[in-house]
Amino acid sequence: MGSEATKYRCVQCGHGIGTLFVQYSPGNIRLMKCERCKSVADEYIECELMILLIDLILHKTKAYRHLLYNVLLQETVDCEGLLWKSALGFLALDAYRCLILAEAEGGGLPSFTWICRKIFADVFVGNFILFSVFIVGVRSSLTIQAELSRWKDLMLVILISSYWKIFLFAMMIWEFPSSVVFIVDAFVLSSNAIALKVITDSTTKRCIMGCFAAHAAKFLATQLWKWCCSRVV
């Protein structure tokens, strides 16, 4: 976490700020301005949640700064509990993604043994490689903010920025072609890149390449695992 002088971040420029608003009485607050860019440090304090969700979907960096710095990574939030809940949700959605692709490939659900093998490969082995490449790559090649130097914080950022996986729930209700899964994957990658740009202040190109490398490593690892299993069988 940052010091009291830079506890929060301006959503416009990312400059550290001590407080986001001054409260004079219940319901009567004044939003603080950033010393560097002279803009309101965080206008999302007075916005409805729906506005934040729309801006996250539109990949606006200021929405990501608000969510990551001014909400999630504060001392008032139980980051460890949120990390475990996010990880379980992430893995569950990834397992459902595997079932969708398996059903599409075979024209129906394959055997239970095959499903378990594929889920283990895609969900556990693949995501272990994904997070390993993310964490090692970010800490070795990109300049990360001091308050996000812990691996748990980096994992939380990756998990939260993968919120696009929630849209897989729509496939439980409405019938979509299995190709929608890959569209969701593309949005997850782009969302990870925006989150990486926010926490590292790196160029968009480097962040996209870093995310692409991590997701490509996950894909190659799962394909290698399945090839090894087929050779054993």
Student: Ignoring hydrogens and geometry beyond distance, is a side-chain donor-acceptor pair present between Ser190 and His59 at under 3.5 Å?
Tutor: yes
Student: Taking ring-ring contact (aromatic ring centres under 6.0 Å, His included) as the definition, give me every residue that meets it alongside Phe187, ordered by chain and number, with sequence neighbours left out.
Tutor: Trp164
Student: If you take all heavy atoms of Tyr163 and Leu56, which pair is closest and at what distance?
Tutor: OH-O, 2.6 Å
Student: Is it the case that Asn70 and Tyr44 place a side-chain donor and acceptor less than 3.5 Å from each other?
Tutor: no
Student: Any salt bridge (Lys or Arg N to Asp or Glu O under 4.0 Å) involving residues 166-189? Give me the pairs, sequence neighbours left out, ordered by first then second residue.
Tutor: Arg97-Asp185
Student: I want to check something: taking the side chain as every heavy atom from C-beta on, are Asp42 and Tyr8 in contact at a cut-off of under 4.5 Å?
Tutor: no
Student: Does Leu20 reach the side chain of Leu31, with side-chain heavy atoms less than 4.5 Å apart?
Tutor: no
Student: Should Lys165 and Asp94 count as an ion pair when the cut-off is N to O under 4.0 Å?
Tutor: yes
Student: Under the rule for ring-ring contact (aromatic ring centres under 6.0 Å, His included), what residues qualify as partners of Phe90, not counting sequence neighbours?
Tutor: Phe131
Student: Taking all heavy atoms of Val181 and all of Met171, pick out the closest pair and write down the distance.
Tutor: CG2-SD, 4.0 Å
Student: Could you check Lys62, Lys33, Lys60 and say which one makes a salt bridge (charged side-chain N to carboxylate O under 4.0 Å, His left out) with Glu43?
Tutor: Lys62
Student: Which one of Ile129, Leu220, Leu130 satisfies the side chain to side chain contact (heavy atoms under 4.5 Å, CB included) criterion with His215?
Tutor: Leu130
